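Just so you know, these numbers come straight off a predicted model, no measurement behind them. Letters A, B, ... are given to chains in the order of the sequence lines, protein chains preceding strands, and every chain is numbered from 1. All values below come from the heavy atoms of this structure, side chains included, with hydrogens, waters and symmetry mates left out.
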Amino acid sequence: MRILARMDTIIRDLHRHVGHPVTIKGWLYNRTDKGKLVFMQVRDGSGICQAVVFKRDVDEATFETALRLPQESSLIITGEVRADPRAPGVPSGFEIGVRSLQVVQRAEEYPITPKEHGVDFLMDHRHLWIRSTRQWALLRVRATVMRAIRQWLDSNGYVEMSTPILTPSAAEGTTNLFEVGYFDQKAYLAQTGQLYNEANIFAFGKVYCFGPTFRAEKSKTRRHLTEFWMVEPEIAYCDLEHLLEIEEQMVSYIVHTVLTENQNELKVLGRDRSKLEHITPPFPRITYDEAIAKIKELQAQTDDEEQKQLLDITWGMDFGSPHETALTQLYDKPLFVTGFPSAVKAFYMEPYPDRPEVCKSADLLAPEGYGEIIGGSERISDPELLLKRIRDQGLPEEAYRWYIDLRKFGSVPHSGFGLGVERTVTWICGTEHIREAIPFPRTIYRLYP
RNA sequence: UCCUCGAUAGCUCAAUGGGCAGAGCACCCGGCUGUUAACCGGGGGGUUACUGGUUCGAGUCCAGUUCGAGGAGCCA
C-alpha cells in the first residue's frame, strides 16, 4: 500500500494537486451512492469538491461509514486528486479518490436539505443557512467588497478613523435612532460617523470610517436592514466634482476586484458578468432637475395605471424607490444624480451660491433597479450659514457646538460620502434581497439568530 | 403606520361546493461502478398557527389574535 503524504490543502487550490494525494478537512455537504460507489460533496470553506469512495479502494468499514454518513458531518479525507470533467463542485472538474476517511463528528439530522425551502424557515436557520453554496458565495463576495474598499482607500492616502457607535444625539436629525441606556443618560446607536470624520479631516486630511450603522426605521422592503455596514470617506479641500471622481474610481475598483477574485462565487450566483465588466469611470451624471423631467416623461409613456401613480412626482420631492428604479433602468452604469433640493437633504449640505434652494449633493444609483448605494455632498464650510441651517431645522444648537467649531479654526471646502456595503453586494451579486448580503441580518421583525 | 398575501408531516406543497389529511423530498431498510436536487422497491412520521363561533360534520365557512412575507411610506 502506498504511503500517502499528509498535507493540508484547500479545495479552491485542488487544480494545483492533480495526480497527488491531499488531505481535506471539512464537512459533508451532500451525498449520494450508486452500488459500489459513494459520491460525497465535501465543503471546506474555500470551495466544494466531489470525493468518490469506491468500495474496492477502501476497507469495508470505511465504505460503510461513507454510505451512512449524515449531511454536514465533519470529516477529514485523504486521497488522490483527479481532473474529471464529470465532477461537480466549486470549482468543478476536480475530485478526490478517497483512500481514507476520518469522521470528526457524525452530525444529527440536518434541517436544511439541498431542496427548496421558504424564507421564514431559512431565516430562522440563518446560522446553518450560511453554509449553503449560494449564501457562501454572497458572503465571500461581501468580504471581497469590504477588502477592496479598504485597499482602495488605504492606497490612496486615506487614514482609517473609528467613529463612535454610541452617540449623544441625532447626527442628522432626519432618521429614527435606536435609544440605549447610558448610565443616567440616554445614548443613541450611530446612524453615521460623518460628523466626527469632518473633525478628523482637519487632523488627517483624508479619512474614512468603516463600521456598522443603525437605523430604527420601520422599513419593510428588500433594500433595508436596521443594522448595516457603511464606509464613509471624508476629504478636506474637496468639492463636489472632485468627490464624484473619487466615488466612481472606488466603485469601479470594487467591481473589478470582485470580477477578478470571485469568479467561482459569481458563477455559483449565476451573475451575468457582462453587466459588471463595463463598470468603469466616468459614470453618467444628471441633475435633479433633469431627473424629474425624465421621470415625468417615463410616467407619461407608461400605460400601467398603478405605475403611473407610483411615478408621480413634483419638483421638491425626494425620490421614492419606484423613481430610482425607473431612472436607473435608463442606464447600464451607476448613475449620479446631483443638486437635490436642500429641503429634502441633511442640514449640512452646501447650497449652490446662485441657487440656494438646491445643494451640492449627489446620490449614486446602482443600475438594474438596485437603487441608491451612495449618498454624498459638499459640506457647508461657513460657520454662520451652518448655524442658520441648524436653527432653521429646529435642531438642538448646543449639541452641534463642537461641529460648528470646526468651521471657526481653518475651515475649508470639504466633501464626503457614505457607501452602503450590503446594497453594493446585493447589486454586484445580482441578488434579490439585501438580507442575504450580511451574515446575520437585522430587519424590523428579525433579531434571531 | 397603510395595502396585499400567507401559516397543513422535519422541509416544499396538495386536499372538487363543508364529508376517511395526501404527495415529493429528508430520515430508516434493500438494489445498482459515474451520481450531478440520481434512480428503483419498502417503511415510520400529523394538536391542519392560536382562541372562539356556525354546522350532524370544519384543514375548508365566520370573527378575533399571533407570527411571517411582498409592496408603499420612511430611509442608505
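Inspection of the A:Glu436 and A:Gln135 side chains reveals an N or O donor paired with an N or O acceptor under 3.5 Å.
In terms of phosphate contacts, A:His125 brings no side-chain nitrogen or oxygen within less than 4.0 Å of OP1 or OP2 of B:G10. Residue A:Lys34 has a polar side-chain atom (N or O) positioned under 4.0 Å from OP1 or OP2 of B:G34. For A:Arg435 and B:G70, the shortest distance from a side-chain N or O to OP1 or OP2 is below 4.0 Å. An OP1 or OP2 oxygen of B:A72 is reached within less than 4.0 angstrom by no side-chain nitrogen or oxygen of A:Arg222. An OP1 or OP2 oxygen of B:A72 is reached within less than 4.0 angstrom by a side-chain nitrogen or oxygen of A:Arg223. One finds no side-chain N or O of A:Thr32 lying less than 4.0 angstrom from the OP1 or OP2 phosphate oxygen of B:C39.
Positionally, the nearest nucleotide of RNA chain B for A:Gly89 lies more toward the 5' end than for the other of A:Arg446 and A:Gly89. Each of A:Leu37 and A:His433 was assigned the nucleotide of RNA chain B with the nearest heavy atom; the assignment lying further toward the 5' end belongs to A:Leu37.
Comparing the C1' positions of B:C25 and B:C62 gives an interatomic distance of 36 Å, to the nearest angstrom. A gap of 14 Å separates the P atoms of B:C5 and B:C61, to the nearest Å. Across B:C40 and B:G45, the matching P atoms stand 24 Å from one another, rounded to whole Å. Straight-line distance between the P atoms of B:G53 and B:G59: roughly 15 Å, to the nearest whole Å.
Rounded to an integer number of Å, the gap from CZ of A:Phe121 to P of B:G6 is 22 Å. With rounding to whole Å, A:Tyr110 atom OH is found 13 Å from B:C27 atom P. As rounded to whole Å, 15 Å separates atom C1' of B:C25 from atom CZ of A:Arg31. The separation between A:Glu116 atom CD and B:U12 atom C1' is 5 Å, rounded to whole Å. A:Phe54 has its CZ atom 13 Å from the C1' atom of B:C32, to the nearest Å.
Distances were taken from every side-chain heavy atom of A:Tyr445 (C-beta onward) to each of B:A69, B:U12, B:A26; the shortest belongs to B:A69. Considering only the side chain of A:Arg68, B:C29 comes nearest among B:C29, B:G70, B:C25.
Nucleotide B:G44 forms no Watson-Crick or G-U wobble pair with any nucleotide shown, as no partner meets the under 3.5 Å limit on both distances.
Counting non-hydrogen atoms under 4.0 angstrom, A:Gly118 reaches the backbone sugars and phosphates but no base.
With hydrogens and angles left out, the side chain of A:Lys220 and the base of B:A69 share a donor-acceptor pair within 3.5 Å. In this model, no side-chain donor or acceptor of A:Lys115 finds a partner on the base of B:A26 within 3.5 Å. Below the 3.5 angstrom threshold, one finds no donor paired with an acceptor across the side chain of A:Glu432 and the base of B:G70.
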